Protein chains: 2
Amino acid sequence: MTTNPPNTQGIIGQIARIRELSNLFIELELRNVAIEGILPAHGSILNFLFQQDAPVPMKEIVERIGRVKSTVTGMIHTLEQYGYVEKLPSPEDGRVVLVKLTEKGCSLKPPFKQISKKLIARLYGNMAVEQKDSLVELLTQIEGNLQPM
Amino acid sequence: MTTNPPNTQGIIGQIARIRELSNLFIELELRNVAIEGILPAHGSILNFLFQQDAPVPMKEIVERIGRVKSTVTGMIHTLEQYGYVEKLPSPEDGRVVLVKLTEKGCSLKPPFKQISKKLIARLYGNMAVEQKDSLVELLTQIEGNLQPM
DNA sequence: CTTATATAGTTCGGCCACGAACAAACGTCA
DNA sequence: TGACGTTTGTTCGTGGCCGAACTATATAAG
């Protein structure tokens with residue numbers, strides 16, 4: 001039994017695998033509560049929309065979630081197809097498209113919070129608080145180190 | 001100036017951003033040495049092929065890199081288009097397709113090693129050895145915690 | 001007011017990634 | 001040898017993700 005994907009590529013591989021395992025976990029949980037059409041990638045958009053109380057321009061979503069415009073266009077389109085969000089023209093600026101959650105979209109908030117909590121719990125397991133803090137601190141450090149420029 | 005993508009989603013977001021920054025770094029480095037057609041995702045395949053001295057069946061690649069068959073088919077096809085690998089039928093089993101690096105593919109090994117080294121150096125920065133070890137240890141722990149089942 | 005420039009979104013083509021369906025070759029067993 | 005089931009890869013459809021090109025509206029400059 002050789003090391004499957006594991007144990008390769010050092011810390012980079014570890015990071016990549018942790019991300020994938022997290023996504024896998026999320027997909028599984030979403031299926032468990034019978035939420036359809038939602039992928040982990042939608043999380044950043046939805047979480048952002050959850051904390052808005054007025055329709056938001058595309059541009060703002062683009063800036064917040066760190067994806068390019070065309071990607072957001074596609075994702076919003078998908079969310080719209082499934083009835084989670086709604087697009088409406090801005091009355092003030094003919095160029096901008098506003099996005100807002102539908103009822104169905106709003107209903108995702110509680111399960112999302114729940115799944116998020118569950119994921120964090122699962123991820124940390126029985127790790128001591130000092131270790132959690134230390135981990136986040138170290139990650140913050142390497143995230144800073146990798147910052148472009 | 002609000003937090004762009006940063007500071008969101010806690011440790012999961014951090015992990016995701018670190019992965020993306022790493023990929024960005026790799027893409028930049030590849031461009032710097034004028035390597036075309038290679039994406040970070042190809043790394044696992046190429047690194048695997050680098051340490052083989054005989055043509056390898058698709059199946060083995062699939063097992064090692066942790067992607068499904070259809071994904072590997074596509075990626076190998078891309079690498080073939082760019083002339084980095086070559087596909088040949090197995091003389092022993094009519095079903096299997098063997099993959100081997102071309103000269104051009106082999107020539108990627110040194111720059112890959114170099115870039116890998118550079119990335120690790122950049123990522124850790126001036127972090128103390130004990131901290132690096134501690135970080136890897138903690139990551140190993142959460143990777144274990146996330147393991148399905 | 002008209003022209004030029006900037007900004008907001010969409011469209012398109014390419015690639016990774018997945019799952020499902022499929023074809024081809026192999027193995028077994030009768 | 002012939003039928004059945006397994007194994008290996010490919011194909012196809014869906015979607016995220018990117019960059020480049022494009023449209024439409026808004027703003028600035030003359």
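Chain letters run A, B, ... following the sequence lines, proteins first, then strands; residues in each count from 1. Owing to the predicted nature of the structure, the values given are computational and were not obtained by experimental measurement.
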Requested in this report: Starting at atom CD of B:Glu80, determine the distance to atom P of C:dC16, rounded to an integer number of angstrom.
Outcome: 13 Å
Query raised in the report: Which nucleotide in the set D:dT25, D:dT10, D:dG15 lies at the smallest distance from any side-chain heavy atom of A:Thr78?
Result: D:dG15
Query - Interatomic distance where NZ belongs to B:Lys87 and P belongs to D:dG9 [whole Å] - result: 10 Å
Query - With B:Arg122 via salt bridge (Lys or Arg N to Asp or Glu O under 4.0 Å) - residues at least two apart - result: none
**Report entry** Which residues share a ring-ring contact (aromatic ring centres under 6.0 Å, His included) with A:Tyr124, sequence neighbours left out
**Finding:** none
Requested in this report: Mind calculating the distance between NE2 (A:His77) and P (D:dT14) to the nearest angstrom?
Outcome: 13 Å
Query raised in the report: Between B:Leu98 and B:Glu20, who's closer to the 5' end of DNA chain D by nearest nucleotide?
Result: B:Leu98
Requested in this report: Would you kindly give the CD1-to-P distance between B:Ile76 and C:dC15, to the nearest whole Å?
Outcome: 14 Å
Requested in this report: Check the surroundings of atom NZ in A:Lys118: do more than 12 heavy atoms from other residues, nucleotides or ligands lie under 6.0 Å from it?
Outcome: no
Report task. Flag the pair A:Arg17 / B:Leu146 as yes when at least one side-chain heavy-atom distance between them is below 4.5 Å, and no otherwise. Result -> no
Report task. Would you mind reporting whether A:Ile120 and B:Ile12 have side-chain heavy atoms less than 4.5 Å apart? Result -> yes
Report task. Check the pair A:His42 / A:Thr78 against side-chain contact (heavy atoms from CB on, under 4.5 Å), numbers first and verdict last. Result -> CA-CA 10 Å; A:His42 298 136; A:Thr78 298; 4.3 Å; yes
Requested in this report: Tell me which residues in residues 23-45 of chain B put a heavy atom below 4.0 Å from DNA chain D, sorted by number, or none.
Outcome: none
Requested in this report: Evaluate the side-chain proximity of A:Glu27 to A:Pro40: yes if any heavy-atom separation is below 4.5 Å, no if none is.
Outcome: yes
Give me the distances for all protein-to-nucleotides 3-7 of chain D N/O pairs that come in under 3.5 Å?
| from | atom 1 | to | atom 2 | distance (Å) |
| --- | --- | --- | --- | --- |
| D:dT7 | O2 | B:Arg95 | NH1 | 3.0 |

Report summary line: In whole angstroms, the gap separating P of C:dA8 from CG of A:Leu88 amounts to 17 Å
**Report entry** Crowding at CD, B:Gln147 (>12 non-hydrogen neighbours, <6.0 Å)
**Finding:** yes
Requested in this report: Rounded off to whole Å, could you give me the CG-to-P distance for the A:Asp93 and C:dG9 pair?
Outcome: 8 Å
Report summary line: Atom OH of A:Tyr82 and atom P of D:dT14 are separated, to the nearest Å, by 10 Å
Query - Under the salt bridge (Lys or Arg N to Asp or Glu O under 4.0 Å) test, residues paired with B:Lys69 that sit two or more places apart - result: none
Requested in this report: Answer whether the closest heavy-atom distance between the side chains of A:Pro111 and A:Ile35 falls below 4.5 Å.
Outcome: yes
Query raised in the report: Choosing from C:dT10, C:dG9, D:dG9, which nucleotide comes nearest the side chain of A:Val96?
Result: C:dG9
**Report entry** Integer-rounded Å distance: D:dG15 P and A:Gln81 CD
**Finding:** 8 Å
Report task. Take A:Val96 and A:Lys59, measure what side-chain contact (heavy atoms from CB on, under 4.5 Å) needs, and give me the verdict at the end. Result -> CA-CA 8 Å; A:Val96 350; A:Lys59 182 180 167 41; over 6 Å; no
Query raised in the report: Using a heavy-atom distance cut-off of less than 4.0 Å, which residues of residues 67-75 of chain A contact DNA chain C?
Result: A:Lys69, A:Ser70, A:Thr73
